[in-house]
Protein chains: 2
Amino acid sequence: MYSHQSPSSSHDQPDQPDQFKLLLNQEGLRLTNQRQKILEIFMDRTKGYHLSAEDIYQHLSSQGERISFSTIYRALHILVSLGVLREIELIEHKKYYEFNHPNIAPHHHLVCIQCGEVTEFEEDSIIDISHREAQNRNFSMLSCQFTIYGLCSQCQASDIW
Amino acid sequence: MYSHQSPSSSHDQPDQPDQFKLLLNQEGLRLTNQRQKILEIFMDRTKGYHLSAEDIYQHLSSQGERISFSTIYRALHILVSLGVLREIELIEHKKYYEFNHPNIAPHHHLVCIQCGEVTEFEEDSIIDISHREAQNRNFSMLSCQFTIYGLCSQCQASDIW
DNA sequence: ATCATATCGAAAACGATTTTCAATATTTTT
DNA sequence: AAAAATATTGAAAATCGTTTTCGATATGAT
Ligand SMILES: [Mn+2]
Ligand SMILES: [Mn+2]
Ligand SMILES: [Zn+2]
Ligand SMILES: [Zn+2]
């Protein structure tokens with residue numbers, strides 16, 4: 001469904017918007033203004049940014065951009081299906097999205113259930129375990145999520161029972 | 001079912017319903033008819049059973065029991081907070097519950113996104129990793145979830161694209 | 001230009017869950 | 001055994017994040 005490999009150039013970076021346009025067009029989709037704006041938000045951030053539909057709406061609204069939730073949700077789905085974004089459910093019943101940086105190893109998350117702080121960690125053995133368990137039962141793995149819930153050090157301190 | 005007489009004896013195992021009653025009473029809560037019925041469903045099954053609120057409703061309704069969703073959800077919350085049940089989000093935006101058998105090692109899940117089949121696996125290293133990552137950032141872990149999504153062997157076969 | 005197709009926003013619909021509230025059940029106190 | 005205090009219930013309404021519907025608009029191709 002997606003290959004984030006730079007196609008040809010001995011150049012540093014191909015024009016990213018053009019790349020996205022290509023990706024979308026390959027599926028008969030269009031790189032609209034709104035989709036571009038959403039992409040920019042994700043690309044503005046470095047690894048470790050996790051945004052909800054609401055976050056994106058606020059972001060764009062505060063910049064004077066008018067966009068509807070329907071459009072945001074639609075764009076997010078498309079970008080996930082193209083492999084541009086990764087979808088994670090950090091808080092129950094709420095989805096977050098992060099840029100699926102091509103050269104970055106898959107990672108997992110710790111979430112503070114008090115303040116919502118999210119930190120990440122890489123751990124190859126988790127992938128290994130997943131593959132092993134999947135193979136053991138002839139199960140074709142599509143994705144896996146490992147999330148640790150608890151209290152960050154700050155929230156532990158401020159939690160006076 | 002369990003209509004033992006109050007055991008004055010010095011027996012090994014205390015009566016389970018009595019145990020639940022005790023647990024609830026300790027928090028000023030009551031072991032009502034409805035809560036008892038819900039508990040029975042979970043205890044009827046062996047390890048590996050994952051039920052949603054809807055499942056419980058159907059179960060009880062089919063037995064002629066009348067119960068409301070409000071009551072089911074309330075009971076589930078209480079039982080989770082008492083540690084009697086474990087809550088897991090197998091399908092996005094939908095919670096499942098399983099009996100938190102005291103002597104059973106924590107386990108994790110593979111979910112078929114096609115047919116919903118759930119299988120379990122135990123893997124101690126996952127807990128170890130969690131503890132290590134949590135400690136590394138002075139994070140107090142409360143729980144963790146590791147879920148592998150994909151297609152079971154049956155659904156792979158029937159998926160002809 | 002003309003036509004086909006993709007996309008948009010607003011509003012309604014959705015599904016799982018939570019809350020509200022008056023009626024009922026259980027426990028504790030008299 | 002009342003009476004008083006407290007916990008629990010079901011029905012209905014509310015919530016929340018998300019999805020769908022649908023007529024209007026934008027974009028791309030011929
Ligand atoms: Mn991340
Ligand atoms: Mn399980
Ligand atoms: Zn925190
Ligand atoms: Zn399956």
Side-chain angles (χ1 to χ4, degrees), chain A residues 17-18 20-39 50-61 63-82 85 87-97 111 113 116, chain B residues 6 17-18 20-39 50-61 63-82 84-85 87-97 111 113 116:
Chain A
D18 279 355
F20 291 136
K21 186 169 189 322
L22 205 69
L23 259 173
L24 285 158
N25 290 348
Q26 278 170 353
E27 308 289 328
L29 303 167
R30 298 167 185 171
L31 178 55
T32 62
N33 254 1
Q34 289 92 330
R35 289 175 188 170
Q36 185 130 250
K37 289 282 187 295
I38 292 175
L39 277 163
H50 308 91
L51 301 169
S52 67
E54 174 74 30
D55 294 335
I56 291 165
Y57 181 80
Q58 293 306 336
H59 237 281
L60 291 179
S61 293
Q63 290 176 13
E65 299 287 342
R66 288 182 67 265
I67 193 170
S68 73
F69 273 102
S70 353
T71 301
I72 293 174
Y73 280 114
R74 274 185 292 235
L76 291 173
H77 291 332
I78 290 171
L79 294 174
V80 167
S81 80
L82 294 177
L85 298 182
E87 181 184 84
I88 39 184
E89 194 145 349
L90 297 175
I91 294 179
E92 48 192 30
H93 289 201
K94 190 164 188 185
K95 288 177 192 160
Y96 287 79
Y97 298 84
V111 181
I113 61 171
Chain B
S6 269
D18 279 354
F20 291 137
K21 188 171 187 322
L22 204 71
L23 258 173
L24 286 159
N25 290 349
Q26 278 170 354
E27 307 290 328
L29 302 167
R30 296 167 186 173
L31 178 54
T32 62
N33 254 1
Q34 290 91 328
R35 288 175 187 170
Q36 185 130 251
K37 289 281 184 299
I38 292 174
L39 277 163
H50 309 90
L51 301 168
S52 67
E54 173 74 31
D55 293 335
I56 291 165
Y57 180 79
Q58 292 306 334
H59 237 281
L60 291 179
S61 295
Q63 290 176 13
E65 300 286 342
R66 289 181 67 264
I67 193 170
S68 72
F69 272 102
S70 353
T71 301
I72 293 174
Y73 279 114
R74 275 184 292 235
L76 290 172
H77 292 333
I78 290 171
L79 294 174
V80 167
S81 79
L82 293 177
V84 175
L85 297 182
E87 182 184 84
I88 39 185
E89 193 146 350
L90 297 176
I91 294 178
E92 50 191 29
H93 290 202
K94 190 164 188 185
K95 288 178 191 157
Y96 287 79
Y97 299 84
V111 181
I113 61 170

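All values below were derived from every heavy atom in this structure, side-chain atoms included, with hydrogens, water molecules and symmetry-related copies excluded. From a predicted model like this one, the values you see are computed outputs, not experimental measurements. Every chain is numbered from 1 and lettered A, B, ... according to where its sequence line falls, protein lines coming before strand lines.
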In this structure, how many angstroms lie between the P atom of D/dT9 and the CG atom of B/L29, rounded? 10 Å
Between P of C/dA16 and CG of B/L90, the distance in whole Å: 14 Å
Take A/L31 and A/E54, find for each the nucleotide of DNA chain D with the closest heavy atom, and name the residue whose nucleotide sits nearer the 5' end. A/E54
What is the distance, rounded to the nearest whole Å, between atom CG of B/L79 and atom P of D/dT8? 12 Å
So do A/I56 and A/I67 actually touch side chain to side chain, heavy atoms under 4.5 Å? no
For C/dA16, take OP1 and OP2 only and decide whether either is under 4.0 Å from a side-chain N or O of B/S52. no
Which whole-number value in Å describes the distance from A/I67 CD1 to C/dA10 P? 11 Å
Closest non-hydrogen atom pair between B/Y96 and B/H50, with its separation: CD2-O, 3.7 Å
With the side chain counted from C-beta on, respond yes when B/Q34 and B/E65 share a heavy-atom pair under 4.5 Å apart, and no when they do not. no
First encountered from the 5' end of DNA chain C, between A/R66 and B/Y97: A/R66
Indicate whether OP1 or OP2 belonging to D/dT19 is found under 4.0 Å from a side-chain N or O atom of A/Y73. no
Of the listed C/dT26, C/dA16, D/dT18, the closest approach to the B/R30 side chain comes from C/dT26
Minimum-distance nucleotide to A/R74 side chain [options: C/dT18, D/dT19, D/dT21]: D/dT21
Would you kindly give the OH-to-P distance between A/Y57 and D/dT18, to the nearest whole Å? 15 Å
Under 4.0 Å, counting only non-hydrogen atoms across every strand here, what does B/S70 touch: a base, just sugar-phosphate, or nothing? base
Find which nucleotide of DNA chain D each of A/K94 and A/K21 is nearest to by heavy atoms, and output the residue with the more 5' nucleotide. A/K94
B/E89 side-chain N/O to B/H93 backbone N/O, donor-acceptor pair under 3.5 Å: yes
Whole-Å gap separating C1' (D/dA26) and CD (A/Q36): 15 Å
Would you mind reading off the distance between A/N33 atom CG and C/dC8 atom P, rounded to a whole angstrom? 9 Å
For a quick test of reading the model: is some side-chain N or O of B/Q34 closer than 4.0 Å to OP1 or OP2 of D/dT8? no
In whole angstrom, give the distance that lies between atom NZ of B/K95 and atom P of D/dG17. 13 Å
Base, sugar-phosphate alone, or nothing: which one does A/R35 contact when heavy atoms must sit under 4.0 Å apart? sugar-phosphate
Check whether any side-chain N or O of A/H77 sits under 4.0 Å from OP1 or OP2 of D/dT18, and answer yes or no. no
Could you tell me if the side chain of A/L82 sits less than 4.5 Å from the side chain of A/E27, heavy atoms only? yes
